[in-house]
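Worksheet for the structure shown next.
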Protein chains: 2
Amino acid sequence: MKKRKKHQTRPVAESDREFVLAAAAALFRERGYERTTVKEIAEACDMLPGSLHYRYPSKESLLVDLMRLALEQASSALARATVGVSDPVEQLRRGINAHLDLLVDGSDMVYVLLFEWRSLRGEARQEMIDLRDRYERLWAAMLQSLASQGIIRADVDLNLLRLFGLGGLNWVATWFDKKGRYSLEDIGNFVWQLIRDAVINQADR
Amino acid sequence: MKKRKKHQTRPVAESDREFVLAAAAALFRERGYERTTVKEIAEACDMLPGSLHYRYPSKESLLVDLMRLALEQASSALARATVGVSDPVEQLRRGINAHLDLLVDGSDMVYVLLFEWRSLRGEARQEMIDLRDRYERLWAAMLQSLASQGIIRADVDLNLLRLFGLGGLNWVATWFDKKGRYSLEDIGNFVWQLIRDAVINQADR
DNA sequence: GTCTATACTCTGATAGAC
DNA sequence: GTCTATCAGAGTATAGAC
């Protein structure tokens with residue numbers, strides 16, 4: 001790979017794969033997968049389409065690999081945010097903030113994983129769904145743990161709570177405006193209070 | 001326009017415009033805007049690309065017109081669901097169900113309005129954002145009315161409530177499965193109870 | 001591993017007869 | 001208004017030298 005002139009130099013610890021995928025993710029996020037050409041991706045990496053093809057046999061395979069990395073990022077971000085936090089309610093609060101941060105501000109790949117699923121068909125689509133499910137299972141486990149400790153009211157459907165909650169958080173990426181009236185922290189706090197007031201037992205708040 | 005053979009006959013009251021846009025919306029929903037060709041749209045209407053071009057000078061202009069119609073559908077569905085309902089809390093409940101129903105089961109156009117916004121650029125994009133804002137304002141008014149009657153707790157940020165709530169509802173369209181364990185009614189009830197428990201004053205539940 | 005050059009396909013849009 | 005025919009451009013992917 002040639003030295004990159006116009007772009008940030010690549011942190012030495014990062015692999016070539018991550019560099020390429022990060023560049024692609026930024027383009028996919030801004031322009032969408034279909035409207036981004038392989039030529040543009042190659043340019044963003046200071047290489048030519050042929051070199052990109054050496055790494056990935058097709059544009060679609062690049063997207064799939066990008067989504068694999070996105071899952072790793074999301075999972076480890078969630079783990080980092082909650083590890084070592086003993087209070088399970090606080091764990092939930094931090095998880096919400098971590099998800100929001102990563103999606104809106106932290107990782108173009110996670111954004112792409114969540115918003116470009118319609119670009120994949122057949123087998124690749126199924127793999128992407130499996131990736132998402134693995135991330136959702138982390139959330140399911142967290143909620144389940146809260147419920148079995150009696151912190152979440154027993155009559156709350158945990159699946160629907162997870163689906164609706166993450167859905168609302170994901171959608172933030174469609175309207176969030178850095179210069180807008182709400183910071184990510186404002187939004188995280190709001191969601192946290194809403195969930196707390198709706199499903200957490202009084203004694204545990 | 002030729003008689004349609006393979007497709008449902010068009011209800012006489014519906015305009016030609018609506019027929020074409022409905023066909024396009026179904027394709028856009030299933031395959032996405034970029035992956036749908038004008039040829040496919042024309043075929044779905046039993047015409048040829050040339051005839052479609054007589055109606056819309058470009059593929060993009062068709063999408064914009066589709067979104068205009070989607071806004072009308074969404075607005076009137078919301079109005080229909082809440083008109084004549086005197087209890088404002090019940091209005092909110094019905095609004096939630098109406099939005100869910102329309103998006104997931106009722107109108108491909110509304111789905112397209114919400115999920116294909118990234119396909120538009122520049123001026124067309126701005127018009128689409130304006131269309132969405134007009135729909136959101138209907139919700140804002142409903143929530144504002146509830147708040148000024150003291151039904152929604154005074155400390156709740158109505159903008160964030162609307163954005164997060166509609167976001168969670170919109171996201172349902174990405175995971176809902178007709179054969180799954182949850183019916184639209186289940187989901188509507190869940191969301192309604194969540195919002196109620198979180199922000200509606202005890203006395204008004 | 002990277003480059004140059006190109007093959008092949010598909011697409012949106014147009015022109016003009018009827 | 002609808003048709004036939006076609007264009008110009010873009011896009012992915014490939015081949016093969018270096």
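Heavy-atom basis, side chains included; hydrogens, waters and symmetry copies ignored. Chain identifiers are assigned alphabetically (A, B, ...) following the order of the sequence lines, protein sequences preceding nucleic acid strands; residue numbering begins at 1 within each chain.
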Length of the line joining [X]:[atom1] and [N]:[atom2], which is rounded to integer Å:
X: A/L62; N: D/dT12; atom1: CG; atom2: P; answer: 11 Å
X: A/F19; N: C/dG1; atom1: CZ; atom2: P; answer: 16 Å
X: B/Y33; N: C/dG12; atom1: OH; atom2: C1'; answer: 10 Å
X: A/E34; N: C/dC10; atom1: CD; atom2: C1'; answer: 13 Å
X: A/K59; N: D/dA10; atom1: NZ; atom2: P; answer: 15 Å
X: A/L63; N: D/dG11; atom1: CG; atom2: P; answer: 17 Å
X: B/L52; N: C/dT14; atom1: CG; atom2: C1'; answer: 14 Å
X: A/K39; N: D/dG9; atom1: NZ; atom2: C1'; answer: 13 Å

Would A/D87 and A/R93 pass as an ion pair if we require N to O under 4.0 Å?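 No, this pair does not count.
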Could you check which of [options] has an atom nearest any side-chain atom of [X]?
X: B/T37; options: D/dT12, D/dC3, C/dT11; answer: C/dT11
X: A/M47; options: D/dG1, C/dC3, C/dT11; answer: C/dC3
X: A/V38; options: D/dT12, C/dG12, D/dC3; answer: D/dT12
X: A/S58; options: D/dA13, C/dT4, C/dA13; answer: D/dA13

With respect to the phosphate group of C/dG12, does any side-chain polar atom (N or O) of B/H53 fall under 4.0 Å of OP1 or OP2?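 Checking C/dG12 against B/H53, no side-chain N or O comes under 4.0 Å of OP1 or OP2.
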With a 4.0 Å limit, can you tell me whether B/S51 has a side-chain N or O closer than that to the phosphate oxygens OP1/OP2 of D/dG1?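 Answer is no, no contact under 4.0 Å.
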Check this for me: A/E185, atom CD, are more than 12 non-hydrogen atoms of other residues, nucleotides or ligands nearer than 6.0 Å?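 It does not: A/E185 CD has 12 such atoms or fewer within range.
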Consider only side-chain N and O atoms of A/Q91 and A/T82, and report whether a donor and an acceptor are under 3.5 Å apart.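 Looking only at side-chain atoms, A/T82 and A/Q91 do not form any donor-acceptor pair under 3.5 Å.
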